[in-house]
Protein chains: 2
Amino acid sequence: MNKEDKKHYEAKSEIFKALSHPTRLWIVDQLADGEKCVCEFVDKLDVDFSTISKHLSVLRHAGIIVSDKRGKQVYYSLQVTCVLSFMNCVDAVLESIRN
Amino acid sequence: MNKEDKKHYEAKSEIFKALSHPTRLWIVDQLADGEKCVCEFVDKLDVDFSTISKHLSVLRHAGIIVSDKRGKQVYYSLQVTCVLSFMNCVDAVLESIRN
DNA sequence: GGGATATTTGGTTATTATACCAAATAACAA
DNA sequence: TTGTTATTTGGTATAATAACCAAATATCCC
């Protein structure tokens with residue numbers, strides 16, 4: 001693996017890392033049918049809001065979601081919707097393990 | 001998020017974790033066009049073979065690849081080929097960040 | 001059996017990720 | 001301006017990952 005390849009795979013792995021947390025996958029699913037306010041996540045999860053904020057930050061920095069501040073609230077939405085279609089693939093992996 | 005959902009997302013995140021390393025993504029790409037012997041990875045990478053073996057183990061436990069021992073050598077191949085199509089999506093993310 | 005090769009496993013250490021709390025910032029309302 | 005709500009950022013302790021070396025295992029050849 002040469003230097004250029006290495007950079008390429010490092011960048012790619014950052015995307016996967018961003019998706020490597022149950023809470024963040026849940027967030028992605030929540031955004032599947034449109035934007036959501038941070039406050040909605042806070043209500044539905046039993047973790048500190050600072051924790052949620054950091055998860056959102058990870059996804060945003062990876063380029064998977066984008067934020068939009070309107071008034072006091074911040075709305076997030078999916079930037080890269082092909083992530084959703086990969087979820088089906090992941091489910092297939094889980095199925096194949098189970099059987 | 002209820003208990004069942006939590007388990008589901010935890011399982012899912014394990015798949016992503018397995019793909020969250022440059023070397024492991026490289027391995028997946030290497031397997032795109034068919035099975036490869038561990039020794040081939042050892043030759044092409046500049047890391048300890050025990051490290052490679054552990055990366056292969058991570059991918060195998062996640063159900064992404066399968067191993068087949070023939071003689072002294074172990075051959076690995078992709079079990080879940082839809083992973084490859086997601087790579088295009090990931091590349092799209094990278095593109096969108098770059099621009 | 002004994003030696004050589006291929007791969008995995010265990011141990012140790014360094015780096016990275018995560019959660020919570022507390023404090024900071026931003027926007028709006030009184 | 002002061003208070004209130006929404007969200008982010010910084011600090012810190014703990015847990016998970018990853019790399020290397022050394023040792024174990026498995027297979028083949030003599």
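Basis for what follows: all heavy atoms, side chains included, without hydrogens, waters or symmetry-related copies. Chain identifiers are assigned alphabetically (A, B, ...) following the order of the sequence lines, protein sequences preceding nucleic acid strands; residue numbering begins at 1 within each chain.
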Item to check | Distance in angstrom units between A:E10 CD and D:dA18 P, rounded | outcome: 13 Å

Checklist entry - Between B:S13 and A:S20, do the side chains contain an N or O donor and an N or O acceptor separated by less than 3.5 Å? => result no

Checklist entry - Can you check the B:L59 CG to C:dT7 P distance for me, whole Å? => result 16 Å

Checklist entry - At what distance, to the nearest 0.5 angstrom, does CG of A:L19 lie from CG of B:L19? => result 10.0 Å

Next on the checklist: Between A:K7 and A:E10 (salt bridge meaning N to carboxylate O under 4.0 Å), is one present in this structure?
Outcome noted: no

Next on the checklist: Ring centroids only, cut at 6.0 angstrom: are B:Y9 and B:F16 within range, meaning strictly under it?
Outcome noted: no

Item to check | Distance in Å, A:L78 CG paired with A:I64 CD1, rounded so as to fall on 0.5 Å steps | outcome: 9.0 Å

Checklist entry - Expressed in angstrom and rounded to an integer, what is the separation of A:H61 atom NE2 from D:dT9 atom P? => result 7 Å

Checklist entry - How is A:Y76 classified with respect to the nucleic acid when contacts are heavy atoms under 4.0 Å: base, sugar-phosphate, or nothing? => result sugar-phosphate

Checklist outcome for this item: Closest to the 5' end of DNA chain C, once A:G71 and A:V58 are matched to their nearest nucleotides, is A:V58

Next on the checklist: Nearest whole Å is fine: how far is C:dT9 P from B:K69 NZ?
Outcome noted: 10 Å

Item to check | Of residues 46-57 of chain A, the positions that come close to DNA chain C - non-hydrogen atoms, cut-off under 4.0 Å | outcome: A:V47, A:D48, A:S50, A:T51, A:K54, A:H55

Item to check | More than 12 heavy atoms of other groups within 6.0 Å of B:D46 CG | outcome: no

Next on the checklist: Looking only at the side chains, is there a donor atom on one of B:T51 and B:H55 sitting less than 3.5 Å from an acceptor on the other?
Outcome noted: no

Checklist entry - Rounded to the Å, how far apart are B:L45 CG and C:dA6 P? => result 16 Å

Item to check | Spacing between B:K17 atom NZ and D:dT17 atom C1', to the nearest angstrom | outcome: 10 Å

Checklist outcome for this item: Here the distance between atom C1' of C:dT7 and atom CD of B:E40, to the nearest Å, is 15 Å

Checklist entry - What is the nucleic acid contact for B:R24, judged by heavy atoms within less than 4.0 Å: base, sugar-phosphate only, or nothing? => result sugar-phosphate

Checklist outcome for this item: When B:E14 and A:V74 are each assigned the nearest nucleotide of DNA chain D, the 5'-most assignment goes to A:V74

Next on the checklist: Expressed as a whole number of angstroms, how long is the span from A:F16:CZ to D:dT17:P?
Outcome noted: 17 Å

Checklist entry - Nearest to the side chain of A:K72, which nucleotide is it out of D:dT7, D:dT8, D:dT5? => result D:dT5

